[in-house]
K.L.:
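Structure below; questions to follow.
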Amino acid sequence: MLKIASWNINSVRLRLPSLKKILEQYNLDVICLQETKTPDEFFPEQDIKSYGYEHIAFRGEKSYNGVTIISRIPIVNSFHWDMCAKGDKRHIAVELDNGITIHNFYIPAGGDIADIKENPKFAHKLDFVDEMTSRFEESIPKKTVIVGDFNIAPFEHDVWSHKQLLKVVSHTPIEVEKLTKLSESQSWIDSHREFTPLDQKLYSWWSYRSPDWQKSNRGRRLDHIWLTPDLKQELKSADIYSETRSIEKPSDHATISITLNL
DNA sequence: ATGGTGGGTCACCCA
(Lines give C-alpha, C1' and ligand atoms only; values in the text may rest on other atoms or scores of the structure.)
Protein backbone atom coordinates (compact mmCIF):
# COMPACT_ATOMS: atom_id res chain seq x y z
CA MET A 1 0.00 0.00 0.00
CA LEU A 2 1.12 3.55 -0.77
CA LYS A 3 -0.20 6.35 1.42
CA ILE A 4 0.16 9.87 0.00
CA ALA A 5 -0.77 13.03 1.90
CA SER A 6 -1.05 16.72 1.12
CA TRP A 7 -0.89 19.57 3.64
CA ASN A 8 -0.63 23.32 3.39
CA ILE A 9 1.69 23.61 6.38
CA ASN A 10 1.94 27.43 6.42
CA SER A 11 5.62 27.52 7.48
CA VAL A 12 7.56 24.26 7.61
CA ARG A 13 9.97 25.65 10.20
CA LEU A 14 7.26 26.66 12.66
CA ARG A 15 5.41 23.36 12.36
CA LEU A 16 8.31 20.90 12.10
CA PRO A 17 7.32 19.06 15.33
CA SER A 18 3.74 18.77 14.04
CA LEU A 19 5.01 17.43 10.74
CA LYS A 20 6.94 14.69 12.57
CA LYS A 21 3.85 13.70 14.56
CA ILE A 22 1.61 13.63 11.50
CA LEU A 23 4.06 11.49 9.49
CA GLU A 24 4.15 8.97 12.38
CA GLN A 25 0.50 9.07 13.42
CA TYR A 26 -0.88 8.44 9.94
CA ASN A 27 1.96 6.18 8.77
CA LEU A 28 2.47 8.24 5.62
CA ASP A 29 4.75 7.13 2.81
CA VAL A 30 4.74 10.51 1.08
CA ILE A 31 3.64 13.98 2.13
CA CYS A 32 3.43 16.98 -0.19
CA LEU A 33 3.61 20.33 1.56
CA GLN A 34 2.64 23.80 0.37
CA GLU A 35 3.54 27.21 1.78
CA THR A 36 6.80 26.05 3.35
CA LYS A 37 7.88 29.74 3.38
CA THR A 38 11.54 28.77 3.66
CA PRO A 39 14.48 29.45 1.32
CA ASP A 40 16.30 26.27 0.25
CA GLU A 41 19.40 27.09 2.32
CA PHE A 42 17.27 27.02 5.49
CA PHE A 43 15.07 24.04 4.60
CA PRO A 44 15.16 21.52 7.52
CA GLU A 45 16.27 18.64 5.30
CA GLN A 46 18.36 16.79 7.89
CA ASP A 47 15.62 16.94 10.54
CA ILE A 48 13.11 15.41 8.15
CA LYS A 49 15.59 12.73 7.04
CA SER A 50 16.06 11.83 10.71
CA TYR A 51 12.31 11.08 10.89
CA GLY A 52 12.89 8.25 8.39
CA TYR A 53 12.06 10.17 5.22
CA GLU A 54 15.32 10.20 3.31
CA HIS A 55 14.03 11.23 -0.09
CA ILE A 56 13.07 14.88 -0.33
CA ALA A 57 12.59 17.35 -3.19
CA PHE A 58 12.07 20.97 -2.22
CA ARG A 59 11.81 24.45 -3.73
CA GLY A 60 11.37 27.39 -1.43
CA GLU A 61 11.68 31.14 -1.24
CA LYS A 62 11.72 33.81 1.43
CA SER A 63 8.36 34.55 3.09
CA TYR A 64 6.07 33.20 0.39
CA ASN A 65 5.05 30.00 -1.36
CA GLY A 66 7.41 27.02 -1.31
CA VAL A 67 6.64 23.35 -2.04
CA THR A 68 8.22 20.04 -1.08
CA ILE A 69 7.67 16.31 -1.55
CA ILE A 70 8.89 14.17 1.35
CA SER A 71 9.09 10.40 0.82
CA ARG A 72 10.33 7.24 2.50
CA ILE A 73 10.19 5.58 -0.93
CA PRO A 74 13.12 6.34 -3.25
CA ILE A 75 12.67 9.24 -5.66
CA VAL A 76 14.27 8.43 -9.02
CA ASN A 77 13.73 11.84 -10.63
CA SER A 78 12.45 15.26 -9.67
CA PHE A 79 11.59 18.33 -11.72
CA HIS A 80 9.58 21.53 -11.59
CA TRP A 81 7.57 23.81 -13.82
CA ASP A 82 8.01 27.58 -13.71
CA MET A 83 4.28 28.26 -13.74
CA CYS A 84 3.30 31.56 -15.40
CA ALA A 85 7.06 32.22 -15.81
CA LYS A 86 7.08 34.13 -12.54
CA GLY A 87 9.93 32.30 -10.85
CA ASP A 88 7.83 31.70 -7.74
CA LYS A 89 7.88 28.29 -6.08
CA ARG A 90 4.46 26.77 -6.63
CA HIS A 91 5.16 23.41 -8.29
CA ILE A 92 7.43 20.42 -7.80
CA ALA A 93 7.15 16.86 -9.10
CA VAL A 94 8.82 13.52 -8.48
CA GLU A 95 8.93 10.06 -10.02
CA LEU A 96 9.04 7.32 -7.40
CA ASP A 97 10.84 4.02 -7.94
CA ASN A 98 7.46 2.24 -8.02
CA GLY A 99 6.57 4.03 -11.27
CA ILE A 100 4.21 6.63 -9.76
CA THR A 101 4.65 10.32 -10.65
CA ILE A 102 3.47 12.90 -8.12
CA HIS A 103 2.91 16.61 -8.86
CA ASN A 104 2.51 19.04 -5.96
CA PHE A 105 0.84 22.39 -6.74
CA TYR A 106 0.22 25.52 -4.73
CA ILE A 107 -2.30 27.38 -6.89
CA PRO A 108 -2.42 31.14 -6.18
CA ALA A 109 -5.13 32.16 -3.71
CA GLY A 110 -6.15 34.94 -6.08
CA GLY A 111 -6.72 37.94 -3.83
CA ASP A 112 -10.08 39.29 -2.71
CA ILE A 113 -11.67 40.72 -5.83
CA ALA A 114 -13.03 38.25 -8.38
CA ASP A 115 -12.26 40.41 -11.41
CA ILE A 116 -9.27 39.90 -13.71
CA LYS A 117 -9.22 43.57 -14.77
CA GLU A 118 -9.22 44.96 -11.24
CA ASN A 119 -7.15 42.25 -9.59
CA PRO A 120 -3.93 40.86 -11.14
CA LYS A 121 -3.82 38.11 -8.50
CA PHE A 122 -7.14 36.74 -9.74
CA ALA A 123 -5.89 36.81 -13.34
CA HIS A 124 -2.74 34.96 -12.20
CA LYS A 125 -4.86 32.28 -10.55
CA LEU A 126 -6.95 31.65 -13.67
CA ASP A 127 -3.86 31.67 -15.90
CA PHE A 128 -2.18 29.19 -13.56
CA VAL A 129 -5.04 26.69 -13.87
CA ASP A 130 -5.11 27.14 -17.66
CA GLU A 131 -1.38 26.44 -17.76
CA MET A 132 -1.85 23.24 -15.74
CA THR A 133 -4.37 22.12 -18.36
CA SER A 134 -2.11 22.93 -21.30
CA ARG A 135 1.01 21.37 -19.75
CA PHE A 136 -0.77 18.06 -19.08
CA GLU A 137 -2.09 18.15 -22.65
CA GLU A 138 1.49 18.50 -23.95
CA SER A 139 2.76 15.45 -22.05
CA ILE A 140 -0.15 13.12 -21.30
CA PRO A 141 0.20 11.89 -17.70
CA LYS A 142 0.12 8.19 -16.82
CA LYS A 143 0.16 6.62 -13.34
CA THR A 144 0.14 10.15 -12.03
CA VAL A 145 -1.14 11.76 -8.84
CA ILE A 146 -1.61 15.52 -8.61
CA VAL A 147 -2.10 17.05 -5.20
CA GLY A 148 -2.06 20.34 -3.47
CA ASP A 149 -3.71 23.46 -2.23
CA PHE A 150 -5.74 24.27 -5.33
CA ASN A 151 -7.45 27.20 -3.55
CA ILE A 152 -10.68 26.30 -5.38
CA ALA A 153 -13.71 24.50 -3.90
CA PRO A 154 -15.47 23.24 -7.03
CA PHE A 155 -18.73 21.67 -5.85
CA GLU A 156 -21.76 23.13 -4.09
CA HIS A 157 -21.06 21.07 -0.97
CA ASP A 158 -17.34 21.81 -1.00
CA VAL A 159 -18.26 25.06 0.80
CA TRP A 160 -20.43 25.82 3.83
CA SER A 161 -22.79 28.02 1.80
CA HIS A 162 -22.84 27.81 -1.97
CA LYS A 163 -25.06 30.89 -2.26
CA GLN A 164 -22.98 33.05 0.08
CA LEU A 165 -19.69 32.11 -1.56
CA LEU A 166 -20.62 32.48 -5.23
CA LYS A 167 -18.84 35.84 -5.37
CA VAL A 168 -16.06 34.88 -2.98
CA VAL A 169 -12.72 33.99 -4.54
CA SER A 170 -12.29 30.18 -4.26
CA HIS A 171 -15.85 29.34 -5.32
CA THR A 172 -16.70 31.73 -8.18
CA PRO A 173 -18.15 30.25 -11.40
CA ILE A 174 -15.12 31.25 -13.52
CA GLU A 175 -12.69 29.46 -11.17
CA VAL A 176 -14.89 26.39 -11.03
CA GLU A 177 -15.14 26.44 -14.83
CA LYS A 178 -11.33 26.54 -15.18
CA LEU A 179 -10.85 23.74 -12.66
CA THR A 180 -13.55 21.64 -14.31
CA LYS A 181 -11.83 22.09 -17.66
CA LEU A 182 -8.57 20.91 -16.10
CA SER A 183 -10.33 17.95 -14.50
CA GLU A 184 -12.03 16.87 -17.71
CA SER A 185 -8.94 17.32 -19.89
CA GLN A 186 -7.33 14.14 -18.53
CA SER A 187 -10.40 12.62 -16.84
CA TRP A 188 -8.73 13.18 -13.48
CA ILE A 189 -10.26 11.22 -10.58
CA ASP A 190 -11.22 13.40 -7.58
CA SER A 191 -10.14 10.93 -4.85
CA HIS A 192 -12.16 12.30 -1.96
CA ARG A 193 -15.38 12.53 -3.97
CA GLU A 194 -14.99 8.85 -4.93
CA PHE A 195 -15.96 8.04 -1.33
CA THR A 196 -18.24 10.95 -0.41
CA PRO A 197 -21.32 11.74 -2.55
CA LEU A 198 -21.73 15.22 -3.98
CA ASP A 199 -24.65 16.02 -1.65
CA GLN A 200 -22.49 15.67 1.45
CA LYS A 201 -20.28 18.43 2.84
CA LEU A 202 -16.51 18.01 2.63
CA TYR A 203 -14.03 20.64 3.87
CA SER A 204 -10.24 20.75 4.22
CA TRP A 205 -9.79 24.40 5.29
CA TRP A 206 -11.25 26.61 8.01
CA SER A 207 -10.31 30.28 8.38
CA TYR A 208 -8.10 31.46 11.23
CA ARG A 209 -10.49 34.38 11.61
CA SER A 210 -13.26 32.40 13.22
CA PRO A 211 -13.29 32.48 17.05
CA ASP A 212 -14.46 28.84 17.09
CA TRP A 213 -13.86 27.14 13.75
CA GLN A 214 -15.51 23.86 14.83
CA LYS A 215 -18.65 25.53 16.12
CA SER A 216 -19.19 27.79 13.10
CA ASN A 217 -17.83 25.08 10.72
CA ARG A 218 -17.65 27.49 7.79
CA GLY A 219 -15.19 25.38 5.84
CA ARG A 220 -14.15 24.95 2.23
CA ARG A 221 -12.54 22.03 0.36
CA LEU A 222 -9.47 23.73 -1.11
CA ASP A 223 -7.07 20.78 -0.98
CA HIS A 224 -7.26 17.98 -3.50
CA ILE A 225 -5.70 14.69 -4.58
CA TRP A 226 -6.46 13.67 -8.15
CA LEU A 227 -5.45 10.52 -10.07
CA THR A 228 -5.11 9.56 -13.68
CA PRO A 229 -7.77 6.94 -14.58
CA ASP A 230 -5.15 4.15 -14.79
CA LEU A 231 -4.86 4.39 -10.96
CA LYS A 232 -8.61 4.40 -10.20
CA GLN A 233 -8.79 0.68 -9.46
CA GLU A 234 -5.95 1.01 -6.95
CA LEU A 235 -7.63 3.77 -4.90
CA LYS A 236 -8.62 2.22 -1.57
CA SER A 237 -9.34 5.20 0.68
CA ALA A 238 -9.31 8.98 0.91
CA ASP A 239 -9.31 10.86 4.20
CA ILE A 240 -9.41 14.39 5.57
CA TYR A 241 -7.82 14.52 9.01
CA SER A 242 -9.87 17.41 10.36
CA GLU A 243 -8.35 16.78 13.80
CA THR A 244 -5.08 18.22 12.43
CA ARG A 245 -6.87 21.58 12.37
CA SER A 246 -7.06 21.33 16.19
CA ILE A 247 -3.40 20.74 17.02
CA GLU A 248 -1.49 23.37 18.96
CA LYS A 249 -0.52 26.20 16.60
CA PRO A 250 -2.47 24.67 13.68
CA SER A 251 -2.27 25.45 10.01
CA ASP A 252 -5.59 26.71 8.66
CA HIS A 253 -5.58 23.63 6.39
CA ALA A 254 -6.13 20.04 7.51
CA THR A 255 -3.89 17.22 6.26
CA ILE A 256 -5.57 15.03 3.62
CA SER A 257 -4.50 11.64 2.27
CA ILE A 258 -5.21 8.72 -0.03
CA THR A 259 -4.18 5.08 0.02
CA LEU A 260 -3.29 3.28 -3.21
CA ASN A 261 -3.08 -0.52 -3.39
CA LEU A 262 0.40 -0.74 -4.90
C1' DA B 1 -21.21 45.95 5.40
C1' DT B 2 -17.25 45.03 8.07
C1' DG B 3 -13.55 42.86 10.38
C1' DG B 4 -12.10 39.11 12.27
C1' DT B 5 -6.49 35.80 12.88
C1' DG B 6 -2.03 34.03 11.65
C1' DG B 7 2.98 33.57 9.42
C1' DG B 8 7.18 35.96 7.93
C1' DT B 9 9.80 39.70 8.33
C1' DC B 10 10.97 44.10 10.08
C1' DA B 11 6.63 48.41 7.86
C1' DC B 12 4.08 45.71 5.73
C1' DC B 13 3.35 41.61 2.50
C1' DC B 14 0.27 37.52 1.97
C1' DA B 15 -3.24 34.00 3.21
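The model shown is predicted, which means the values in this text are computed figures rather than measured ones. Residue numbers begin at 1 in each chain, while the letters A, B, ... track the order of the sequences.
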K.L.:
Pairing check on B:dA11: which nucleotide meets the Watson-Crick or G-U wobble criteria with it, both distances under 3.5 Å?
P.N.:
none

K.L.:
With respect to the side chain of A:Tyr64, which nucleotide from B:dA15, B:dC14, B:dG8 is positioned closest?
P.N.:
B:dC14

K.L.:
Going by atom types only, do A:Ser210 and A:Ser216 share a side-chain donor-acceptor pair under 3.5 Å?
P.N.:
yes

K.L.:
Which nucleotide, in any strand shown, forms a Watson-Crick or G-U wobble pair with B:dG4, with both distances under 3.5 Å?
P.N.:
none

K.L.:
A:Arg15 has an atom CZ; how far is it from atom C1' of B:dG6, in whole Å?
P.N.:
8 Å

K.L.:
Verify the contact: side-chain N or O of A:Lys121 to OP1 or OP2 of B:dA15, cut-off strictly under 4.0 Å; return yes or no.
P.N.:
yes

K.L.:
Between A:His224 and A:His192, does any side-chain donor sit less than 3.5 Å from a side-chain acceptor?
P.N.:
no

K.L.:
Taking only the P atom of each, what is the distance from B:dT9 to B:dA15 in whole angstrom?
P.N.:
16 Å

K.L.:
Using the C1' atom as the reference point in each nucleotide, state the distance between B:dC14 and B:dC10 in Å, no decimals.
P.N.:
15 Å

K.L.:
Between atom CH2 in A:Trp7 and atom P in B:dG7, what is the gap in whole Å?
P.N.:
12 Å

K.L.:
Does one side chain, of A:Thr259 or A:Ser237, offer a donor that lies under 3.5 Å from an acceptor on the other?
P.N.:
yes

K.L.:
Take atom CD of A:Gln34 and atom P of B:dG7, then tell me their distance rounded to the nearest Å.
P.N.:
17 Å

K.L.:
Side chain of A:Arg90 only, heavy atoms from C-beta on: which candidate in B:dA15, B:dG8, B:dG7 is closest?
P.N.:
B:dA15

K.L.:
Using heavy-atom distances to pick each residue's nearest nucleotide on DNA chain B, tell me which of A:Lys37 and A:His253 is more 5'.
P.N.:
A:Lys37

K.L.:
If I take atom NZ in residue A:Lys62 and atom P in nucleotide B:dC12, what distance separates them, rounded to the nearest angstrom?
P.N.:
16 Å

K.L.:
Nearest to the side chain of A:Asn151, which nucleotide is it out of B:dA15, B:dT9, B:dG7?
P.N.:
B:dA15

K.L.:
We want to know whether A:Arg72 and A:Asn27 form a side-chain donor-acceptor pair, criterion being a heavy-atom distance below 3.5 angstrom.
P.N.:
yes

K.L.:
Which is more 5' along DNA chain B, the nucleotide nearest A:Gly111 or the one nearest A:Pro250? Just name the residue.
P.N.:
A:Pro250

K.L.:
Using ring centroids (six-membered ring only for Trp), state whether A:His103 and A:Phe79 fall under 6.0 Å.
P.N.:
yes

K.L.:
With sugar-phosphate meaning primed atoms plus P, OP1 and OP2, does A:Phe42 contact a base, only sugar-phosphate, or nothing at under 4.0 Å between heavy atoms?
P.N.:
nothing

K.L.:
Can you tell me the distance, in whole Å, between the CG atom of A:Asn10 and the P atom of B:dT5?
P.N.:
16 Å

K.L.:
For the pair made of CD1 in A:Ile107 and P in B:dC14, what is the distance, rounded to whole Å?
P.N.:
19 Å

K.L.:
What interatomic distance, in whole Å, is found between P of B:dG7 and the corresponding atom of B:dG3?
P.N.:
22 Å

K.L.:
Between A:Arg13 and B:dT9, does any side-chain N or O lie under 4.0 Å from OP1 or OP2?
P.N.:
yes

K.L.:
Could you please name the option among B:dG4, B:dG8, B:dC14 that lies closest to any side-chain atom of A:Arg209?
P.N.:
B:dG4

K.L.:
Starting at CD1 of A:Ile113 and ending at C1' of B:dA15, how long is that distance when rounded to a whole Å?
P.N.:
15 Å

K.L.:
Please report, rounded to the nearest Å, how far the P atom of B:dA15 is from the CG atom of A:Leu14.
P.N.:
19 Å

K.L.:
Looking at A:Lys249, does any N or O in its side chain come under 4.0 Å of the phosphate oxygens OP1/OP2 on B:dG7?
P.N.:
yes

K.L.:
Among A:Trp205, A:Trp206, A:Tyr203, A:Trp160, exactly one meets ring pair (Phe, Tyr, Trp, His ring centres under 6.0 Å) together with A:Trp213. Which residue is that?
P.N.:
A:Trp206

